[in-house]
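Residue indices begin at 1 and follow the sequence shown.
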Amino acid sequence: MPHHALEITLTRPLSPAALHHAARLLPLAANHDATRLIALMPAKTPHRALRRLRHRLGARLPIDVITTHYPDADHHVLLNVAFPPAVHAALTAQARRAAQTPEHFLELALHRILAEHADRETDRLDRVVRQLLAHTTPAYLLAAVGHALTRLPERPTP
């Protein structure tokens, strides 16, 4: 049976004792502040692995989201989110009105939101580049961008 690498994002950091207790149930690797964990879960499919992990650890850990760590053949990462009952009911009702399953409804909504974000980011960058080009030549700007990209920033700046 194949094993699937799953990433667990927690709602809060785990104490060392809580991490030790959870790791006795299933081997886990934690990041530096114990807010993200990696687990290997045996299952026939990634979907089953996500459900099995949620069932095994969901009541013991403050799990926010479980994802497949590696994209599948279609370059998709699967998400497993446990919604509160009221949110789940509202989501199911909206999906039913759209004649879709809740999973498909959420998938389409995520794709739409991500596409809108990409469009906004492209527009923002276009405005910034045009402002920079108002004060320099394309050759100088390209050289400056190349120079900046060769340095490794710690995190993106807003």
For this session: State, with a plain yes or no, whether a side-chain heavy atom of Thr35 is found less than 4.5 Å away from one of Arg12.
Result: no

For this session: Identify, with sequence neighbours excluded, every residue that meets side chain to side chain contact (heavy atoms under 4.5 Å, CB included) alongside His47.
Result: Thr45, Arg51, Leu78

Problem set entry | NE2-CG distance between His117 and Leu110, expressed to the nearest 0.5 angstrom | 13.0 Å

Exercise. Are the side chain of Asp72 and the backbone N or O of Asp74 linked by a donor-acceptor pair below 3.5 Å?
Worked result: yes

For this session: Apply side-chain contact (heavy atoms from CB on, under 4.5 Å) to the pair Leu10 and Asp64, showing each step before the final yes or no.
Result: CA-CA 5 Å; Leu10 303 173; Asp64 189 17; over 6 Å; no

Exercise. Does Ile113 share a hydrophobic cluster with Val65, counting links as ILVMFWY side-chain heavy atoms below 4.5 Å and allowing steps through other members?
Worked result: no

Exercise. Out of curiosity, does Val81 fall in the hydrophobic cluster containing Leu61 (side-chain heavy atoms, cut-off under 4.5 Å, transitive links)?
Worked result: no

Exercise. Hey, any chance Tyr140 and Val129 share a hydrophobic cluster, counting ILVMFWY side chains that come within less than 4.5 Å of each other, even indirectly?
Worked result: no

Exercise. Side chains of Gln94 and Arg97: closer than 4.5 Å at any heavy-atom pair?
Worked result: yes

Exercise. Are Arg96 and Thr92 close enough that some pair of their side-chain heavy atoms sits under 4.5 Å apart?
Worked result: yes

For this session: Decide whether Leu6 and Leu79 are clustered together by the hydrophobic rule: side chain heavy atoms of Ile, Leu, Val, Met, Phe, Trp, Tyr closer than 4.5 Å, transitively.
Result: no

For this session: Taking Thr68 for its side chain and Val77 for its backbone only, find out whether a donor-acceptor pair lies under 3.5 Å.
Result: no

Problem set entry | Close side-chain approach of Leu37 to Leu57, heavy-atom, < 4.5 Å | no

For this session: Determine whether Ile66 and Leu40 fall in the same hydrophobic cluster, where Ile, Leu, Val, Met, Phe, Trp and Tyr are linked whenever their side-chain heavy atoms lie under 4.5 Å apart.
Result: no

Problem set entry | Within-4.5 Å side-chain heavy-atom neighbours: Leu106 and Leu91 | yes

Exercise. Of all heavy-atom pairs between Arg54 and Asn80, which one has the smallest distance, and what is that distance?
Worked result: NE-OD1, 2.7 Å

Problem set entry | Minimal non-hydrogen separation, Pro62 against Leu14, with atom names | CD-CD2, 3.7 Å

For this session: Kindly indicate whether the side chain of Pro138, heavy atoms from C-beta on, has any atom under 4.5 Å from the side chain of Leu133.
Result: yes

For this session: Could you please spell out the steps behind the side-chain contact (heavy atoms from CB on, under 4.5 Å) verdict for His69 and His4?
Result: CA-CA 8 Å; His69 187 65; His4 302 275; over 6 Å; no

Problem set entry | Min side-chain heavy-atom separation Ile8-Arg36 under 4.5 Å | no

Problem set entry | Check: Thr101 side chain, His104 main-chain N or O, donor-acceptor pair, under 3.5 Å | yes

For this session: Using a strict 4.0 Å threshold on nitrogen-to-oxygen distance, state whether Arg127 and Asp123 make a salt bridge.
Result: no

For this session: Please report the shortest heavy-atom distance between Met41 and Ala49, naming the atom on each side.
Result: CG-O, 3.6 Å

Seminar exercise, completed: Rounded to the nearest 0.5 Å, the NE2 atom of His111 sits from the CG atom of Leu114 at a distance of 7.5 Å

Exercise. Could you give the distance from CG (Asn31) to CD (Glu7), rounded to the nearest 0.5 Å?
Worked result: 8.5 Å

Problem set entry | Arg52 side chain near Arg56 side chain, heavy-atom distance below 4.5 Å | no

Exercise. Nearest 0.5 Å, what's the CZ-CE distance between Arg48 and Met1?
Worked result: 8.5 Å

Problem set entry | NE2 (His3) with more than 12 external heavy atoms under 6.0 Å | yes

